[in-house]
Amino acid sequence: MEFVLGSASPARLQVLRSAGLTPLVRVSDVDEDAVAAALPPGTAPEAVVTALARAKAQSVAAALIAESADAVADCVVVGCDSMLLVNGVLQGKPLTPEVARARWAEMAGGSADLLTGHSVLRIRDSAVTAEAADCSGTTVHFAKPEPEELDAYLASGEPLQVAGAFTLDGRGGWFVDRIEGDPSSVIGIGLPLLRRLLAGVGVGVAQLWVGT
């Protein structure tokens with residue numbers, strides 16, 4: 001059985017590899033802004049990230065099926081999307097140092113919820129036969145970086161391409177005092193939730209481990 005990760009995130013890939021998987025990486029072509037804009041006004045933040053994860057998984061699954069690739073004989077496709085909920089507002093990738101600095105000014109010394117939507121599709125014989133999706137949430141308590149520390153962090157470029165302008169498993173980890181919840185979910189793919197979703201589509205996680 002092939003495990004397909006519908007994400008370009010090296011952090012998600014590393015989490016899965018460390019957990020015994022050898023994913024096939026396929027990046028979706030989903031327009032995240034368009035998907036979010038199409039949702040009804042007032043959609044709950046958890047539903048937003050789950051919808052984005054589902055759109056990514058569906059895009060990758062459709063591409064695999066269209067190619068008639070060998071992988072679709074029996075595989076699971078996983079899509080994820082992470083955003084930071086700060087004072088009731090969802091924040092994705094800041095993309096620029098100016099936006100990242102403004103976000104750190106808002107969250108330094110406080111807390112926010114890192115929400116990660118997960119979508120799992122089971123494909124057999126070139127057809128989606130089962131799906132499961134859900135969101136995991138983890139509360140992150142931030143330290144207050146010194147001005148020179150924040151300058152160096154922003155200059156590194158690391159926070160520009162990650163949800164919430166921080167990482168737990170990189171330089172940003174120096175500025176996270178503690179978390180309440182699943183560490184792997186903060187990195188971008190929650191192993192406990194993913195195991196339950198895989199079970200929901202009839203796949204035991206041990207089936208996917210390398211060497212078993």
Side-chain angles (χ1 to χ4, degrees), residues 1-30 32 35 44-83 85 113-140 162-163 167-169 179-212:
M1 181 185 299
E2 189 77 66
F3 184 102
V4 182
L5 174 63
S7 171
S9 166
R12 289 187 179 115
L13 179 59
Q14 185 55 51
V15 168
L16 293 171
R17 284 177 171 169
S18 297
L21 275 61
T22 54
L24 171 66
V25 174
R26 292 293 301 265
V27 182
S28 76
D29 58 359
V30 167
E32 297 180 29
V35 172
E46 294 83 358
V48 172
V49 294
T50 303
L52 288 166
R54 184 180 289 112
K56 293 176 182 180
Q58 290 173 341
S59 172
V60 170
L64 288 172
I65 292 171
E67 295 168 6
S68 297
D70 292 339
V72 298
D74 191 6
C75 74
V76 290
V77 176
V78 176
C80 295
D81 189 84
S82 297
M83 300 183 81
L85 184 64
D113 294 323
L114 197 288
L115 305 178
T116 299
H118 298 64
S119 176
V120 177
L121 303 180
R122 177 77 181 272
I123 302 177
R124 303 190 73 174
D125 299 324
S126 297
V128 175
T129 59
E131 58 181 298
D134 204 350
C135 172
S136 60
T138 302
T139 301
V140 183
V162 291
T167 62
L168 183 63
D169 56 331
I179 66 170
E180 299 172 39
D182 169 27
S184 61
S185 180
V186 178
I187 297 173
I189 185 164
L191 296 180
L193 175 56
L194 181 57
R195 182 177 63 84
R196 293 193 294 273
L197 294 178
L198 286 167
V201 299
V203 178
V205 69
Q207 296 174 247
L208 302 169
W209 288 342
V210 178
T212 57

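Quantities reported herein were computed from a predicted structural model and do not represent experimental measurements. Any value given below was found using the heavy atoms of this structure, including those in side chains, with hydrogens, waters and symmetry copies removed.
Taking the charged nitrogens against the carboxylate oxygens, Glu2 and Arg26 have no contact shorter than 4.0 Å, which rules out a salt bridge. The existence of a salt bridge linking Arg54 and Asp81 is excluded, since no basic side-chain nitrogen approaches an acidic carboxylate oxygen closer than 4.0 Å.
Taking CG of Leu115 as the start and CG of Leu52 as the end, the distance is 11.5 Å to the nearest 0.5 Å. Atom CG in Leu24 sits 10.5 Å away from atom CG in Leu13 (nearest 0.5 Å). Distance check, rounded to the nearest 0.5 Å: OG of Ser184 to CG of Leu191 gives 4.0 Å. The distance from atom CG of Leu208 to atom CG of Leu198, rounded to the nearest 0.5 Å, is 6.0 Å. Here Glu32 contributes atom CD and Lys56 contributes atom NZ; the two are 3.5 Å apart, rounded to the nearest 0.5 Å. Taken to the nearest 0.5 Å, the OG1 atom of Thr139 stands 4.0 Å off from the CG atom of Asp113.
Screening Val77, Val205, Thr22, Val78 for a side chain to side chain contact (heavy atoms under 4.5 Å, CB included) with Phe3, the sole residue that qualifies is Val78. When each of Ile189, Thr50, Val120 is checked for a side chain to side chain contact (heavy atoms under 4.5 Å, CB included) with Cys80, only Ile189 meets the rule.
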Would you sort out whether Val27 and Val60 count as a side-chain contact (heavy atoms from CB on, under 4.5 Å), showing the intermediate values? CA-CA 7 Å; Val27 182; Val60 170; over 6 Å; no
Trace of the side-chain hydrogen bond (donor to acceptor under 3.5 Å, both in side chains) decision for Arg12 with Ser82: CA-CA 11 Å; Arg12 289 187 179 115; Ser82 297; 3.3 Å; yes
The test is side-chain hydrogen bond (donor to acceptor under 3.5 Å, both in side chains); show your working for Ser28 and Ser59 and say whether it passes. CA-CA 6 Å; Ser28 76; Ser59 172; 4.8 Å; no
I would like to know whether Arg122 and Asp74 meet salt bridge (Lys or Arg N to Asp or Glu O under 4.0 Å); could you show each step before the answer? CA-CA 8 Å; Arg122 177 77 181 272; Asp74 191 6; 3.0 Å; yes
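When all heavy atoms are compared, the tightest approach of Met1 to Cys75 is CG-CA, 4.0 Å. Pairing each heavy atom of Gly181 with each of Pro183, the nearest pair is O-CD, 3.4 Å. Summarising the geometry of Ser119 relative to Ala133, their closest heavy-atom pair is CA-CB, 4.1 Å, with the distance given to 0.1 Å. Here the shortest heavy-atom pairing between Ala132 and Val201 reads N-CG1, 3.9 Å. The heavy-atom pair separating Ala61 from Ile123 by the smallest distance is CB-CD1, 3.7 Å. Closest heavy-atom contact between Val35 and Ala55: CG2-CB, 4.0 Å.
By the 4.5 Å heavy-atom criterion applied to side chains, Asp134 and Leu193 are counted as neighbours.
Within the 3.5 Å criterion, the main-chain N or O of Leu197 finds no donor-acceptor partner in the side chain of His118. The backbone N or O of Gly204 sits less than 3.5 Å from a side-chain atom of Gln207, completing a donor-acceptor pair.
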